[in-house]
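Okay, structure first, notes after.
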Amino acid sequence: MTSPAPDLAARYQSGDPRALARAVTLAEAGLPAARPLLQLARSGGIRSVVLGITGSPGSGKSTLTDALISALRAQGQRVAVLAVDPSSPYSGGAILGDRIRMLRHHADSGVFVRSLASRGALGGLSARTMAVLALLEGGGPTGQHFDWIILETVGVGQSEVDVAAACDHTLLVVTPAGGDGVQAFKAGIMEIADVIAVNKADLPGSSRTVRELTSAQALGWHDEHTWLAPVRKTIASEAEGVQSVIEAVLKHRAHLGEAGLQERRRLRAEFEVRSLVQERLLRRTRDAGGDLYARVARGELDAEAAADELLGS
Ligand SMILES: Nc1nc2c(ncn2[C@@H]2O[C@H](COP(=O)(O)OP(=O)(O)OP(=O)(O)O)[C@@H](O)[C@H]2O)c(=O)[nH]1
Ligand SMILES: [Mg+2]
């Protein structure tokens, strides 16, 4: 078992980027050596705007992230980016491309970029992603911490629901429908978005897409307290509309308030712990289940009894 260098915690707390990188590696691997660092990290409380970005493959999430980094840096904000590759065929070479693009921020000590392979047992975001987010928030003394942490994931399968559970704010990136026909938005997607960017607004159909989104929101149940995700047009490749996205996120943060933010953090912790429970249960059922399944298949044991046996063991 790897244990951290004795001074790792001290270097991590002092804001040493190499210590942070090492801590992230330990947490990503799920090594016990990360646990004391994580406790340190979490004792620092809320210091960062944790923004999840999701949306279909190719919608412009990485381009927008890159533009957000530049805009935030221009305002003196320190930014960490975590790109989660759900290991789907969609994003095959894209992570490498993203890395290259973000290299222009590489020499900037106010920017920290890291890619993670998603090893979530269910193909979603794993508890390890949550641990890495906590490390990013907790590193360095106040003033040298990251003001913003951006989590980019491809919106496939479970991951876009997970991203909402993992972050303070969720930015959904969509693209104009183009041509004819009403754009179909995946069920549930409107509920998880706190801010919506209609990116590629240089392409035809963006105004109609904005209208479709806002009228879909108006149809849903809401009262005067309901947060309706602001819909903003962006041209990420030209860095257009980026400031209005930042303002919309901050408006959502003000809407949440201190109590709302604390509640989001509690939900994030719940998500993390439940992910760990799920992973462990899946591992246990995979490792211990072999013969049990054959017995169920042969009619020797009913499935409910097999489940009891696995959970009780
Ligand atoms: N026309 C136009 N193209 C854009 C815009 N923003 C991004 N793109 C292009 O869209 C393509 C995909 O952009 P990415 O930023 O890689 O998209 P992504 O959502 O991160 O993609 P995945 O990570 O693979 O899901 C690239 O070729 C970008 O240059 C935009 O505002 N307008
Ligand atoms: Mg990308």
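Computation of the quantities below employed the complete heavy-atom set of this structure, encompassing side-chain atoms and omitting hydrogens, waters and symmetry-equivalent molecules. In listed order, ligands and their atoms are each counted from 1.
Using modelled atom types, no side-chain atom of E152 and backbone atom of V81 make a donor-acceptor pair closer than 3.5 Å. Between the side chain of D194 and the backbone N or O of T170 there is at least one donor-acceptor pair closer than 3.5 Å. The backbone N or O of L20 lies less than 3.5 Å from no partner atom in the side chain of Y12, so there is not a single donor-acceptor pair.
Within a 6.0 Å radius of CD in Q75, other residues, nucleotides and ligands contribute more than 12 heavy atoms.
With 2.8 Å as the limit, S62 counts as an N, O or S neighbour of the Mg ion (ligand 2).
Closest approach between the Mg ion (ligand 2) and any N/O/S atom of E152 involves OE2.
The shortest N or O to N or O distance between T234 and ligand 1 is not below 3.5 Å. By the 3.5 Å distance cut-off applied to N or O atoms, L203 is not counted among the residues near ligand 1.
Contact between G58 and ligand 1 is present, with at least one heavy atom of the residue lying under 4.0 Å from the ligand.
Applying the 4.0 Å criterion to heavy atoms of I235 picks out, from ligand 1, the atoms 31 (O). Applying the 4.0 Å criterion to heavy atoms of E152 picks out, from ligand 1, the atoms 20 (O), 23 (O). Near P57, the atoms of ligand 1 lying under 4.0 angstrom from a non-hydrogen atom of the residue are 25 (O).
The one candidate from L256, V195, I53, L250 that meets the side-chain contact (heavy atoms from CB on, under 4.5 Å) condition with H169 is L256.
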